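Let me begin by presenting the structure, written as structure tokens, before commenting on it.
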Amino acid sequence: VPYITELIGRYLTRDLRVFSIAAFFVFGVVLFVIFRFFAILLGTFVACVNASCITLTLAHFLNVPIGPLTANLSTMVFVFTLSPIVFLTFAWRRIAKEKQEGGWDTVREAVKVTLLPSFWSMTTELTGFASLFFVPATPMRHLGIAGAIGGVVPFFLAYGLYPWFLQWARAPKQDSKLYARINSGLSSFFSKKHGAIVAGL
């Protein structure tokens, strides 16, 4: 058992290192190509990293050890933080293009549009992880506690920290070619009915 645990730990460390580097570059490039503002890229990175660090710190204070199930906690929190940030940024982008201005008022309006759906999304994550409190296996309970923290912290970081960066950005006057191509492709895909995909799912 100690050998297997050590082996799992080594593989997880390697996988997390590869994933973190890949995620940083892939998300960074995509966000920059779509929005073309360094403030958005910086704000996303700062919010995601802070959410991961705060979650790990709170888990430590609650005596939740990092084990095989909680080893990828920082990765989960990174993704949990990214989700509301993406929705908030796209709402801000749409509003800023309509009003032809950025600034704090536009950010506040985008927050009003996305806050409630993000709250219910966070509640769903929190409820899912909280259900693990009642599992007899200790590692699963640890995952439930750490996951519950990781479900709440990203919500507050996405809406408490990221908007301060978002107010520095201005809505692009013209869509980038990549964004326009993706938007056109998605619009044509979702405008049709896909019975085969539904049946497959």
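Values in this document were obtained by computation on a predicted structure and should not be read as measured data. All residue numbers in this chain count up from 1 along the given sequence.
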What is the minimum heavy-atom distance between Pro163 and Trp104, and which atoms define it?
->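 Scanning both residues completely, I find the closest heavy atoms to be O-CZ3, 3.6 Å.
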Indicate every side-chain donor-acceptor pair of residues 127-136 with a distance under 3.5 Å to a residue at least two apart or in another chain.
residue	atom	partner	partner atom	Å
Thr127	OG1	Thr123	O	2.7
Ser131	OG	Gly128	O	2.5

With sequence neighbours excluded, tell me which residues meet side-chain contact (heavy atoms from CB on, under 4.5 Å) with [X].
| X | result |
| --- | --- |
| Arg141 | Thr138 |
| Leu7 | Tyr3, Tyr11 |
| Pro139 | Leu69, Ala137 |

Is there a side chain to side chain donor-acceptor pair (under 3.5 Å) between Tyr162 and Thr81 once you walk through the steps?
-> CA-CA 10 Å; Tyr162 177 69; Thr81 314; over 6 Å; no
Using atom types as modelled, flag every donor-acceptor pair under 3.5 Å from a side chain in residues 149-158 to any protein atom, sequence neighbours excluded.
none

Looking at [atom1] of [X] and [atom2] of [Y], how far apart are the two atoms once the value is rounded to the nearest 0.5 Å?
| X | Y | atom1 | atom2 | result |
| --- | --- | --- | --- | --- |
| Ile85 | Phe80 | CD1 | CZ | 14.0 Å |
| Cys48 | Leu161 | SG | CG | 10.0 Å |
| Asn63 | His142 | CG | NE2 | 8.5 Å |
| Thr44 | Phe78 | OG1 | CZ | 8.5 Å |

Side-chain heavy atoms nearer than 4.5 Å, only ILVMFWY residues, links allowed to pass through others: does that put [X] and [Y] together?
| X | Y | answer |
| --- | --- | --- |
| Val18 | Val79 | no |
| Val111 | Trp120 | yes |
| Phe87 | Met122 | no |

Inter- and intrachain pairs under side chain to side chain donor-acceptor pair (under 3.5 Å), touching residues 47-59, at least two apart | none
Residue pairs, two or more places apart or on separate chains, that pass side chain to side chain donor-acceptor pair (under 3.5 Å) and touch residues 108-118 |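 Counting only pairs at least two positions apart or across chains, the side chain to side chain donor-acceptor pair (under 3.5 Å) contacts touching residues 108-118 are Lys99-Glu109, Asp105-Arg108, Thr114-Tyr159, Ser118-Tyr159.
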Can you list every pair that meets ring pair (Phe, Tyr, Trp, His ring centres under 6.0 Å) and has a residue in residues 182-201, with sequence neighbours left out?
->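 Only Phe189-His194 qualify under ring pair (Phe, Tyr, Trp, His ring centres under 6.0 Å).
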Quick one: does Trp164's side chain get under 4.5 Å of Val107's, heavy atoms only?
-> no
Side chain to side chain contact (heavy atoms under 4.5 Å, CB included), paired with Arg94, selected from Thr89, Thr106, Val113 =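 When side chain to side chain contact (heavy atoms under 4.5 Å, CB included) is applied between Arg94 and each of Thr89, Thr106, Val113, only Val113 qualifies.
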Which residues share a ring pair (Phe, Tyr, Trp, His ring centres under 6.0 Å) with Phe45, sequence neighbours left out = Phe24
By ring pair (Phe, Tyr, Trp, His ring centres under 6.0 Å), which residues pair with Phe165, not counting sequence neighbours?
-> Trp168
